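Below you'll find the structure, written out as structure tokens, and then a few comments.
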Amino acid sequence: MASPGSGFWPFGAEEGSAAAETPGTARAWCQVAQKFTGGIGNKLCALLYGDAEKPVETGARAAAPGVAEPKPTCTCDKKPCGCQKADVNYAFLHSTDLLPTCNGEITTMSFLQDVVDILLQYVVKSFDRSTKVIDFHYPNELLQEYNWELADQPQTLEEILLNCRTTLKYAIKTGHPRYFNQLSTGLDMVGLAADWLTSAANTNMFTYEIAPVFVLLEYVTLRKMREMVGWPGGCGDGIFSPGGAISNMYAMLIARFKMFPEVKEKGMAAIPRLVAFTSEHSHFSVKKGAAALGIGTDSVILIRCDERGKMIPSDLERRIVEAKQKGFVPFLVSATAGTTVYGAFDPLIAIADICKKYKIWMHVDGAWGGGLLMSRKHKWKLNGIERANSVTWNPHKMMGVPLQCSALLVREEGLMQSCNQMHASYLFQQDKHYDLSYDTGDKALQCGRHVDVFKLWLMWRAKGTTGFEAQIDKCLELAEYLYNKIKNREGYEMVFDGKPQHTNVCFWYIPPSLRGMENSEERTSRLMKVAPVIKARMMEYGTTMVSYQPLGDKVNFFRMVISNPAATHQDIDFLIDEIERLGQDL
């Protein structure tokens with residue numbers, strides 16, 4: 001702990017300021033510290049202010065309105081603690097009674113402690129298998145049951161705390177061991193702590209001067225990720241963006257600029273008709289990016305996949321040749337490492353060979369599968385990714401980093417800056433007194449950019465690469481366990497043969513009424529309705545959640561994905577039993 005002489009003062013008071021020199025401020029802070037930290041607070045005050053400035057007796061200072069005398073900090077070991085805290089009557093208090101209002105320290109600390117208590121109760125319940133994954137209500141029911149409208153007059157802090165409880169009551173427990181609905185699941189405690197810290201810091205990522213540590217951590221983390229991709233020394237560039245869809249759009253933007261830099265000033269009218277290529281199982285964001293950038297969805301050519309959902313390289317080359325013969329200019333191939341539904345990995349080496357032959361930018365959308373680079377056992381599935389020009393990697397998926405955390409990695413350093421910079425002189429002054437390469441904002445499309453790196457960095461420090469590896473390997477082992485349990489089980493049909501490439505396990509549940517029927521239009525029509533009904537029942541009972549969808553000529557099937565390290569073999573067994581319980585009468 002720093003001494004007063006080192007410049008540390010509570011509540012933002014700087015050394016030598018009036019606030020720092022006021023004994024009453026010191027006493028108030030000591031009261032709060034004593035209330036919430038007990039003996040540690042006494043030691044802290046003694047260290048900060050010396051023996052002469054010991055914590056004053058309770059009541060030596062007038063309490064803020066609505067606040068009674070603080071109670072001593074409890075020493076019990078009950079979880080959660082039921083001991084009485086400071087008596088704060090929130091029914092008569094508003095946000096204007098919190099910091100930075102004068103004398104708002106005790107009320108603020110008590111209010112935030114109560115918010116933390118609400119959050120901690122929710123966190124504990126999220127891992128309790130006896131609790132519901134979801135307390136489902138239809139939209140009209142929730143709208144009618146509570147008043148969600150915004151008003152001219154402020155609510156009391158009592159009502160604000162009630163709003164917090166109500167919101168979490170109906171929130172989906174995405175950290176629950178039996179929540180399998182999305183690619184992003186789980187709730188990591190270190191990541192959660194990092195997110196809280198990030199919100200408390202409340203800064204922007206565009207310049208080093210306002211986010212020095214966060215900017216440096218982004219530099220270090222992106223370099224490490226590029227090393228894991230296989231680029232020598234972690235060379236290149238990158239940025240954290242608001243999700244994989246934006247990262248993929250960045251790749252398309254940069255690829256276009258690389259081929260036709262004049263497009264930045266003159267627009268699409270100044271360049272030939274561009275075409276991009278991606279698999280028919282790729283993420284919809286590739287087409288969305290083309291629409292947003294004025295390239296057009298018709299200019300995204302979908303390449304056929306094999307029965308496992310992998311792009312067929314020969315079809316890619318055939319379509320590139322066709323496009324060139326029509327006078328179009330191929331500028332991007334977006335391969336996928338871990339497709340959303342099948343979890344397929346495109347053959348990156350073969351695709352890289354084709355891109356090199358025709359001088360086309362190769363992008364790898366590894367939003368879902370990029371995490372496998374952490375696993376010595378599974379990273380071979382991304383062989384060839386080191387030859388890509390750009391890579392999307394979402395740590396908020398397979399690595400369990402809290403949402404949102406998506407990185408776009410670019411092999412050529414400086415290209416992002418040239419593509420996106422606008423030289424805003426009020427932010428990016430060229431005569432600053434530090435290395436301007438750490439002012440990263442001008443290479444981003446955004447001006448305001450959230451700090452997404454800290455939770456990944458802190459989790460990586462807490463787990464190490466080996467910890468992420470163990471977590472990822474466990475999830476893939478659970479997927480194989482599910483596959484082995486149902487592949488020959490009565491009432492189940494696999495969507496494709498062979499064990500899963502990722503944690504995606506795709507299957508139909510066949511209820512008893514359909515098991516004796518021959519394949520026919522009637523059977524297909526009835527089978528299409530099975531997964532949606534079972535999913536609806538899951539949500540109404542609140543026991544578990546798993547996604548379903550149709551794909552091509554295949555009617556609705558379950559797509560099970562596992563990215564939550566809290567899940568176990570028992571949770572997989574429960575899911576199988578629950579599907580059968582909820583679907584046996586269909």
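FYI, the numbering just counts along the sequence from 1. Note that the coordinates shown come from a computational prediction; the quantities given were computed from them, not determined experimentally.
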Tell me whether the count of non-hydrogen atoms from other residues, nucleotides or ligands lying under 6.0 Å of [atom1] in [X] goes above 12.
X	atom1	answer
Lys474	NZ	yes
Arg461	CZ	no
Tyr146	OH	yes
Glu141	CD	yes
Asp585	CG	yes

Listed by chain and number, what are the side chain to side chain contact (heavy atoms under 4.5 Å, CB included) partners of [X], not counting sequence neighbours?
X	value
Asp188	Val190, Met459, Lys463
Ala245	Ser285
Arg318	Asp315, Glu322
Thr131	Lys125, Asp128, Lys173, His176

- Task: Dump the intermediate steps for salt bridge (charged side-chain N to carboxylate O under 4.0 Å, His left out) on Glu493 and Arg523, then the final yes or no.
- Result: CA-CA 14 Å; Glu493 289 183 13; Arg523 183 183 187 274; 3.1 Å; yes

Return all side-chain donor-acceptor pairs below 3.5 angstrom for residues 332-340, not counting sequence neighbours, or 'none' if the list is empty.
{"from": "Thr339", "atom 1": "OG1", "to": "Gly343", "atom 2": "N", "distance (Å)": "3.1"}
{"from": "Thr339", "atom 1": "OG1", "to": "Ala344", "atom 2": "N", "distance (Å)": "2.8"}

- Sequence neighbours excluded, every pair satisfying side chain to side chain donor-acceptor pair (under 3.5 Å) that has a member inside residues 232-246: Asp237-Lys443, Ser241-Ser247

- Message: I need the full list of side chain to side chain donor-acceptor pair (under 3.5 Å) pairs touching residues 552-563, with sequence neighbours left out, sorted by first then second residue.
- Response: Thr185-Ser563

With side chains defined as the heavy atoms from C-beta onward, is the minimum distance between [X] and [Y] less than 4.5 Å?
X	Y	answer
Met560	Thr503	no
Ser282	Asp365	no
Met228	Thr465	yes
Arg129	Phe574	no

- Task: List the steps and the verdict of side chain to side chain contact (heavy atoms under 4.5 Å, CB included) for Thr174 and Leu187.
- Result: CA-CA 7 Å; Thr174 58; Leu187 184 59; 5.9 Å; no

Regarding [X] and [Y], do their side chains bring together a donor and an acceptor under 3.5 Å, going by distance alone?
X	Y	result
Ser520	Glu522	no
Asn394	Ser406	yes
Thr544	Glu578	no
Lys535	Asn181	yes
Gln121	Asp117	no
His569	Glu477	yes
Asp571	Tyr179	no

- Item | Residue list, salt bridge (Lys or Arg N to Asp or Glu O under 4.0 Å) with Asp306, at least two apart or on another chain | none

Rounded to the nearest 0.5 Å, how far does [atom2] of [Y] lie from [atom1] of [X]?
X	Y	atom1	atom2	answer
Leu168	Ile118	CG	CD1	7.5 Å
Asn163	Arg165	CG	CZ	10.0 Å
Gln404	Ile246	CD	CD1	9.5 Å
Leu316	Arg304	CG	CZ	11.5 Å
Ile562	Ile472	CD1	CD1	13.5 Å
His137	Gln144	NE2	CD	11.5 Å

What residue pairs, at least two apart or across chains, pass ring pair (Phe, Tyr, Trp, His ring centres under 6.0 Å) with a residue in [range]?
range	result
residues 485-505	Tyr342-Phe496, Phe345-His502, Trp368-His502, Tyr492-Phe507, Tyr492-Tyr509
residues 384-408	none
residues 227-254	none

Taking all non-hydrogen atoms of both residues, which atom of [X] and which atom of [Y] are closest, and how far apart?
X	Y	value
Lys310	Gln501	CE-OE1, 2.9 Å
Val453	Leu217	CG2-O, 3.7 Å
Pro177	Ala567	O-CB, 3.8 Å
Leu142	Trp148	O-NE1, 2.8 Å
Ala444	Ile239	CB-CD1, 3.3 Å
Ala276	Phe331	CB-CE2, 3.8 Å

- Passes side chain to side chain donor-acceptor pair (under 3.5 Å), Ser184 versus Gln182? Steps please. CA-CA 5 Å; Ser184 304; Gln182 307 300 142; over 6 Å; no

- Task: For Val530 and Leu514, run side chain to side chain contact (heavy atoms under 4.5 Å, CB included): C-alpha distance rounded to whole Å, both residues' side-chain angles, the deciding distance at 0.1 Å, then the answer.
- Result: CA-CA 10 Å; Val530 170; Leu514 299 183; 4.3 Å; yes

Please tabulate, for the side chains in residues 295-303, all donor-acceptor contacts under 3.5 angstrom to protein atoms that are two or more places apart in sequence or on a different chain.
{"from": "Ser299", "atom 1": "OG", "to": "Arg273", "atom 2": "NE", "distance (Å)": "2.8"}
{"from": "Ser299", "atom 1": "OG", "to": "Arg273", "atom 2": "NH2", "distance (Å)": "3.3"}
{"from": "Ser299", "atom 1": "OG", "to": "Leu274", "atom 2": "O", "distance (Å)": "3.3"}
{"from": "Ser299", "atom 1": "OG", "to": "Ile295", "atom 2": "O", "distance (Å)": "3.1"}

- Task: Would you please test Tyr138 and Glu540 for side chain to side chain contact (heavy atoms under 4.5 Å, CB included) and show each step?
- Result: CA-CA 10 Å; Tyr138 289 96; Glu540 287 168 1; 3.1 Å; yes

- Query: Taking the six-membered ring of Phe277, is the NZ or CZ of Arg319 close enough (under 6.0 Å from the centre) and on axis enough (within 45°)?
  - Reply: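 Geometry flag: not set, cation outside 6.0 Å or 45°.
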
- Item | Residues Asp353 and Arg387 bridged, charged N to O under 4.0 Å |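 Counted as a salt bridge, because a side-chain N and a carboxylate O are separated by less than 4.0 Å.
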
- side chain to side chain contact (heavy atoms under 4.5 Å, CB included) assessment of Val213 paired with Phe454: CA-CA 9 Å; Val213 176; Phe454 186 67; 5.8 Å; no

